[in-house]
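In what follows, a structure is listed as structure tokens, so that the remarks can point back to it.
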Number of protein chains: 2
Amino acid sequence: MSATLADVAAKAGVSRQTVSNAINTPRIVHPATLQRVMAAVDELGYAPNLHARRLRTSSARTIGIRLERHDDGIHGVLLDRFLHAVTEQAAGLDRHVLVFTADDADAEVAQIRSLSQRSLADAFVLTSTDHRDRRIDALAEAGIPFVAFGRPWDDGSAPHSWVDVDGRAGTREATDACLATGERVAFLGWPDGSGAGDERRGGWRDAMADAGLPADLDRAVEDDPAQAQAAAAELLAAGATSIVCASDTLALGAIGALSRADASVPVVGFDDTGVAAGLGFSSIDQNLGAVAAAVLELLHGEPAHRLVTPRLHRRANPRWGLPAQQSAAADGKDAS
Amino acid sequence: MSATLADVAAKAGVSRQTVSNAINTPRIVHPATLQRVMAAVDELGYAPNLHARRLRTSSARTIGIRLERHDDGIHGVLLDRFLHAVTEQAAGLDRHVLVFTADDADAEVAQIRSLSQRSLADAFVLTSTDHRDRRIDALAEAGIPFVAFGRPWDDGSAPHSWVDVDGRAGTREATDACLATGERVAFLGWPDGSGAGDERRGGWRDAMADAGLPADLDRAVEDDPAQAQAAAAELLAAGATSIVCASDTLALGAIGALSRADASVPVVGFDDTGVAAGLGFSSIDQNLGAVAAAVLELLHGEPAHRLVTPRLHRRANPRWGLPAQQSAAADGKDAS
DNA sequence: CTGTTAGCGCTTTCAG
DNA sequence: CTGAAAGCGCTAACAG
């Protein structure tokens, strides 16, 4: 059906091997021959059969990634963006991405083993790592190349490559930016104990300490807009001049509190999801493109790690939560 | 490195062919032999090299899907869920899913051609189809099997398989449910001209007509919470007893209007995203699992189509947007 | 620089 | 029911 190496060789009047060289190592074939071969390739619309190549070279050049189930929204959006970035950049490195699903960590390891052994994928990316992640030891022991997106939150796991976002740097930058509009920068985060959440709170504390200010306006709730709204209301009542949040979900709640209080102070979210764009508040972009690049870089080679610096995506101000009359003014054709 | 068919054959004291049969056509192998072979397989941890198999059988059993770039959030979440469903169900059919990215429709077609020709994937799923979709004619002409998620919005495109969600049925069900709490069911949707939006509005109109009621509380805005809030405020002022929305984004805006007006009427969104779960309003679930099943079913065979009925996911009431004191009552451990 | 030979691991003939 | 032979399309080695 599709043209093969032999067809091209026949058409160009050379051996199959020369065609192979022309494609894989063009610089070792005579320019004139090369041109003739390439012309034949174009004419026949030839593209190599990758199964044959992979069988021969026993390399899949394919990255396996588990698709997580995410009924929660934001988490899913982030992983989706990350997956997109990995896939896009992998293509530039002549690599493909195969996805799979698994119900739990053990099933994921089983899938990875299977894909690896059947040589469908030869490198893997682990997402949503947690304390004492079983997957890490299992894969390290099996000698399967992988990179974790997420730092090892405990020291017990086997040495491995990982990439993570420097949440501390993110909230620090956001806090510094907020200090321009007032000293009473509040933090709205999650209860202690979640690694990422603690990091984010730490960045706010650091920035306040560096500015010689007390880090006293601090509230912790679950990642839920209703709880966040209540907590934010208290922070406003306590005189907050801005609110740095550990997630866009919390920021959404804070915006709600602003709305009810007819207040207007800057709110900064985390993750820069569609909610932040839609409501127009600033948010910290995890910089998943950079994460993806780092992951691909570490996929082959000795265990190493990278901490990616997120970026504050500044937006003017909440457009929502303002009195309806003002909002109505935006009812025109200015939606972008 | 990994065990091969020959290893298993040697271990079991049979020919390679018998091992192949034991794996692919177990019923034609003598039970005793089969058991011996399987024991060897287990012992060696053998799994067939799929490149060799695919090379030999020239079938990839792999579905290609483009990952779209989605800065908008909701759209991304939906496609992500869909991708998850397809991947999960494909695994049950012994098929894999390969993802790729493309900047536009032409690039996508080029990618598909390439993947198909290099035999990395042999069937494709098209998402986000639109009027006069170039991809459809191109793939149909190239004879590459595919199914579109999204109905052909114009009659000009080549005959092909597609699956879509019956948005009309969704809003109709939602409207019927809302009629239980009051006759003045309003609709908050998008401007005319978007196929899906028109369908959703149509379902509301149908339900109102069937109930012998006027479909007069109807507003159209862009998919933006701020605009939605303003429009919803007007609908409330006009006496709406509930608001059916064309998206969760619009519903989010409506909840904001409720909050400002201290009103409490049912709001129904569309897509059942995390926002609906988080804020606790009802929403129409597109039923992407059923869509995925239909897509896989149509992937091979004559052109055909399926219309999947969405389901109303009922939730008690907006938990957010209520006065802060009430919200604060939910500040306990009841987050799920 | 080009051609020949060999074989990656599997499955499809076709004999036994 | 089992075994032997052939070849899917490609590239690593070597010989010319």
Side-chain angles (χ1 to χ4, degrees), chain A residues 1-38 40-41 44-62 94 96 114-122, chain B residues 1-38 40-41 44-62 94 96 114-122:
Chain A
M1 153 158 175
S2 216
T4 153
L5 206 58
D7 299 334
V8 178
K11 179 138 212 148
V14 296
S15 76
R16 295 188 328 223
Q17 187 51 36
T18 302
V19 179
S20 177
N21 287 337
I23 289 169
N24 298 305
T25 334
R27 49 186 185 68
I28 72 162
V29 8
H30 192 88
T33 317
L34 180 60
Q35 190 171 356
R36 203 146 37 90
V37 170
M38 286 320 199
V41 165
L44 294 172
Y46 169 75
N49 180 318
L50 292 190
H51 295 308
R53 173 181 287 173
R54 290 172 178 184
L55 172 59
R56 182 62 238 241
T57 62
S58 59
S59 89
R61 298 190 75 82
T62 299
D94 189 27
H96 291 100
S114 165
L115 290 173
S116 168
Q117 198 178 359
R118 303 197 289 176
S119 70
L120 271 192
D122 45 16
Chain B
M1 151 158 180
S2 213
T4 153
L5 206 58
D7 300 333
V8 178
K11 179 138 212 149
V14 296
S15 77
R16 297 189 326 226
Q17 187 46 37
T18 302
V19 179
S20 177
N21 285 337
I23 290 169
N24 298 304
T25 335
R27 50 187 184 67
I28 72 163
V29 170
H30 192 88
T33 318
L34 180 61
Q35 189 171 356
R36 201 147 38 87
V37 171
M38 284 321 197
V41 165
L44 295 172
Y46 168 75
N49 180 317
L50 291 190
H51 296 308
R53 174 181 287 175
R54 290 173 179 184
L55 173 58
R56 182 62 239 239
T57 62
S58 58
S59 90
R61 298 190 75 83
T62 298
D94 189 27
H96 291 101
S114 166
L115 290 173
S116 167
Q117 199 180 358
R118 305 197 288 178
S119 70
L120 272 192
D122 46 15

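Keep in mind that this is a model prediction, so the values were computed, not measured. In what follows, chains are A, B, ... by sequence order, proteins preceding strands, each numbered from 1.
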Donor-acceptor pair, side chain of Asn24(A) and main chain of Ser20(A), under 3.5 angstrom: yes

Distance in angstrom units between Asp122(A) CG and dC8(C) C1', rounded: 16 Å

Per Leu55(A) side chain, nearest of listed nucleotides dC10(C), dG9(D), dT11(D): dG9(D)

Side-chain N,O (Asn49(B)) to OP1/OP2 (dC8(C)) below 4.0 Å: no

Whole-Å gap separating P (dC8(C)) and CG (Leu50(B)): 18 Å

Thr25(B) and Arg27(B), any side-chain heavy atoms less than 4.5 Å apart: yes

Met38(A) versus Ala22(A), closest heavy-atom pair with distance: CE-O, 3.6 Å

Nucleotide nearest Asn21(B) when distance is taken to its side chain, options dC10(D), dT2(D), dC8(C): dT2(D)

Arg56(A) CZ - dC8(D) P separation (whole Å): 16 Å

Heavy-atom pair of closest approach, residues Arg53(A) and Pro48(A): NH2-CG, 3.6 Å

Distance, rounded to the nearest Å, where Leu5(B) contributes CG and dG7(D) contributes C1': 16 Å

Side chain proximity check, His51(A) to Leu120(B), heavy atoms < 4.5 angstrom: yes

Paired stretches of DNA chain C - 3 or more consecutive Watson-Crick or G-U pairs, each distance under 3.5 Å: C:3-16 with D:1-14

Beyond-backbone contact of Asn49(A) with Leu55(B), side-chain heavy atoms, under 4.5 angstrom: yes

Separation of atom CZ in Arg61(A) from atom C1' in dT11(D), rounded to whole Å: 14 Å

Full working for side-chain contact (heavy atoms from CB on, under 4.5 Å) between Leu50(B) and Ser119(A): CA-CA 7 Å; Leu50(B) 291 190; Ser119(A) 70; 5.9 Å; no

Gap between atoms NE2 and P, on His51(A) and dT11(D) respectively (whole Å): 14 Å

Point-to-point distance, once rounded to the nearest 0.5 Å, from OH of Tyr46(B) to OG1 of Thr4(B): 6.0 Å

Euclidean distance, atom CD of residue Gln117(A) to atom P of dC10(C) [Å, nearest integer]: 10 Å

Closest non-hydrogen atom pair between Val8(B) and Val37(B), with its separation: CG1-O, 4.1 Å

Nearest heavy atoms of His96(A) and Arg54(A), plus distance in Å: ND1-NH2, 3.4 Å

DNA chain C-proximal residues of residues 10-20 of chain A, any heavy atom under 4.0 Å: Val14(A), Ser15(A), Arg16(A), Gln17(A), Thr18(A)

dC10(C) phosphate, OP1 or OP2, under 4.0 Å from Thr57(B) side-chain N/O: no

Contact residues, residues 26-35 of chain A to DNA chain D [heavy atom, < 4.0 Å]: none

Minimum heavy-atom distance Ala60(A)-Asp122(A), with the two atoms named: N-OD2, 2.9 Å

d(CG, Asp7(B); C1', dG9(C)) in whole Å: 11 Å

Over all atoms of both residues, closest heavy-atom pair of Arg36(A) and Gly13(A): NH1-O, 4.3 Å

